[in-house]
Chemist: 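Before I ask anything, let me first share the structure, which is written out below as structure tokens.
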Amino acid sequence: MRNELRLGTRESHQRLDLFVGSLSPFGSDRAYRVYLTAMNSLYRVYGDSLGWASKQAGLPCPVAGLLNAIESDFGGPVPDSGAMPEGSATTEQRWAAAYVLEGSAMGARYLSRELNETSLPSAFLTKLAADSHDRWPKFVAALDEADCDVQTTVAAAVGVFDFVRKRFVELADGAGISPAQ
């Protein structure tokens, strides 16, 4: 299933990556706060799914620690995410959300190196990247064994990527940050 997810979400994933990169999230305190707020929204909305999938894969749930690290970097409570809670989700939606979140942990390895070249706090990305190399193969093995409809799971994952991109756009607009062209 991982390959189908990778291929089926490629376009949405690239749009998100390009938009986030255009914000230069580590270029200023204001841009970094947008980044942290968007990531807070992602984990608050889809954290239950990540917890569920972590359990299926025999992994500890990282959500509480990641939310604490976001608050630490933010300097206190992060403003209301403005996002609705996930509510009850199907198995496909849970695996899809977990795929996006676990994948972001792999990307955090690169981002944490970039962030470390700044004076911005790095608790969140450091924590997110810390065990991603060990988690990813275990997660993928469980995902590949999951009894899910592939197309439904891919569509749900595209929805997660699109949710996060919309959240970044909203937050950047609210902070008066224009993406670099």
Chemist: Using the test side chain to side chain contact (heavy atoms under 4.5 Å, CB included), find all partners of Glu71 that sit at least two apart in sequence or belong to another chain.
Modeler: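 Glu71 satisfies side chain to side chain contact (heavy atoms under 4.5 Å, CB included) with Arg44, Pro77, Val78 once adjacent residues are dropped.
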Chemist: For Thr126, check side chain to side chain donor-acceptor pair (under 3.5 Å) against everything at least two apart and list the hits.
Modeler: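 For Thr126, no residue satisfies side chain to side chain donor-acceptor pair (under 3.5 Å) once neighbours in sequence are set aside.
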Chemist: How long is the gap from OG on Ser49 to CD on Glu92, to the nearest 0.5 Å?
Modeler: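 Separation between the atoms: 11.5 Å.
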Chemist: What do the steps show when you test Val140 against Tyr99 for side chain to side chain contact (heavy atoms under 4.5 Å, CB included), and what is the final call?
Modeler: CA-CA 8 Å; Val140 168; Tyr99 170 79; over 6 Å; no
Chemist: Check whether any side-chain heavy atom of Arg94 sits under 4.5 Å from a side-chain heavy atom of Thr91, and report yes or no.
Modeler: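 Counting from C-beta outward, Arg94 and Thr91 never come under 4.5 Å.
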Chemist: Within the side chain of Thr90, is there an N or O that forms a donor-acceptor pair under 3.5 Å with the backbone of Gln93?
Modeler: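 Yes, the answer is positive, given that a donor and an acceptor are paired below the 3.5 Å cut-off.
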Chemist: Report the residues that fulfil side chain to side chain contact (heavy atoms under 4.5 Å, CB included) with Asp162, sequence neighbours left out, ordered by chain and then residue number.
Modeler: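 Applying side chain to side chain contact (heavy atoms under 4.5 Å, CB included) to Asp162 gives Ser12, Arg15, Val158.
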Chemist: Can you pull out every ring-ring contact (aromatic ring centres under 6.0 Å, His included) where at least one residue sits in residues 5-30? Sequence neighbours excluded, please.
Modeler: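 Of all non-adjacent pairs touching residues 5-30, those that pass ring-ring contact (aromatic ring centres under 6.0 Å, His included) are His13-Phe161, Phe26-Tyr32, Phe26-Tyr35.
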Chemist: Check side chain to side chain contact (heavy atoms under 4.5 Å, CB included) between Ser132 and all other residues, then give those that pass, not counting sequence neighbours.
Modeler: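 Per chain and number, Ser132 pairs via side chain to side chain contact (heavy atoms under 4.5 Å, CB included) with Ala105, Met106, Arg109.
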Chemist: Quick one: which residue pairs count as a side-chain hydrogen bond (donor to acceptor under 3.5 Å, both in side chains) with a foot in residues 144-158, not counting sequence neighbours?
Modeler: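 Every pair satisfying side-chain hydrogen bond (donor to acceptor under 3.5 Å, both in side chains) with a residue in residues 144-158: Asp149-Thr152.
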Chemist: Mind checking the CG-CG spacing from Asp73 to Asn68? Nearest 0.5 Å is all I need.
Modeler: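 If we round to the nearest 0.5 Å, Asp73:CG and Asn68:CG are 11.5 Å apart.
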Chemist: Yes or no on side chain to side chain contact (heavy atoms under 4.5 Å, CB included) for Val100 and Tyr46, after CA distance, side-chain angles and deciding distance?
Modeler: CA-CA 10 Å; Val100 174; Tyr46 296 106; over 6 Å; no
Chemist: When you compare the side chain of Arg167 with that of Thr37, does any pair of heavy atoms fall below 4.5 Å?
Modeler: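 Heavy-atom side-chain distance check passes, below 4.5 Å.
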Chemist: State which residues pass salt bridge (Lys or Arg N to Asp or Glu O under 4.0 Å) with Glu114; sequence neighbours excluded, sorted by chain then number.
Modeler: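 With neighbours one apart ignored, the set is empty.
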Chemist: Under 4.5 Å between any side-chain heavy atoms of Tyr43 and Ser104, yes or no?
Modeler: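 Touching, per the 4.5 Å side-chain cut-off.
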Chemist: Applying side chain to side chain contact (heavy atoms under 4.5 Å, CB included) to Leu5 and Val150, what does each step give before you reach the verdict?
Modeler: CA-CA 8 Å; Leu5 279 163; Val150 173; over 6 Å; no
Chemist: Tell me, do Arg6 and Asn3 make a side-chain contact under 4.5 Å, heavy atoms counted?
Modeler: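 Contact flag for Arg6/Asn3 side chains = yes.
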Chemist: Are the side chains of Pro62 and Ser54 in contact, using a 4.5 Å heavy-atom criterion?
Modeler: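 The answer is yes, as the side chains (C-beta and beyond) meet within the 4.5 Å cut-off.
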Chemist: Are side-chain heavy atoms of Met39 and Ile70 found at a separation under 4.5 Å?
Modeler: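 Touching, per the 4.5 Å side-chain cut-off.
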Chemist: Taking the side chain as C-beta and beyond, is there a heavy-atom pair between Leu50 and Cys61 under 4.5 Å?
Modeler: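 Of all side-chain heavy-atom pairs linking Cys61 with Leu50, none is under 4.5 Å.
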Chemist: More than 12 heavy atoms of other residues, nucleotides or ligands under 6.0 Å from CD of Glu4: yes or no?
Modeler: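 Result for CD/Glu4: enclosed.
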Chemist: Quick check: closest heavy atoms across Arg30 and Gly176, and the distance to 0.1 Å?
Modeler: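 Scanning both residues, the minimum pair turns out to be NH1-O, 3.9 Å.
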Chemist: Return the set of residues passing salt bridge (Lys or Arg N to Asp or Glu O under 4.0 Å) with Glu102 (not counting sequence neighbours), or none when no residue passes.
Modeler: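 Salt bridge (Lys or Arg N to Asp or Glu O under 4.0 Å) check on Glu102 returns Arg135.
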Chemist: Specify the closest pair of heavy atoms between Val34 and Ala175, including all atoms of both residues, with the distance to one decimal.
Modeler: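 Smallest interatomic distance, heavy atoms only, reads CG2-CB, 3.7 Å.
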Chemist: Are any of the side-chain heavy atoms of Phe74 and Asn40 separated by less than 4.5 Å?
Modeler: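 Side chain of Phe74 against side chain of Asn40, heavy atoms only: no contact under 4.5 Å found.
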Chemist: For Ala130, check side chain to side chain contact (heavy atoms under 4.5 Å, CB included) against everything at least two apart and list the hits.
Modeler: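 Checked Ala130 against side chain to side chain contact (heavy atoms under 4.5 Å, CB included); zero matches.
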Chemist: Do Phe163 and Leu18 sit in the same hydrophobic cluster, where Ile, Leu, Val, Met, Phe, Trp and Tyr count as joined when their side-chain heavy atoms come under 4.5 Å apart?
Modeler: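 Hydrophobic grouping puts Phe163 apart from Leu18.
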Chemist: Between Thr9 and Ala157, which heavy-atom pair has the shortest distance, and what is it?
Modeler: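 Taking Thr9 first and Ala157 second, the nearest heavy atoms are CG2-CB, 3.6 Å.
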Chemist: Hey, mind stepping through Phe139 and Trp95 against ring pair (Phe, Tyr, Trp, His ring centres under 6.0 Å) and telling me if it holds?
Modeler: CA-CA 10 Å; Phe139 171 77; Trp95 280 114; 5.8 Å; yes
Chemist: For Arg165, give me all partners under salt bridge (Lys or Arg N to Asp or Glu O under 4.0 Å), at least two apart in sequence or on another chain.
Modeler: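 For Arg165, no residue satisfies salt bridge (Lys or Arg N to Asp or Glu O under 4.0 Å) once neighbours in sequence are set aside.
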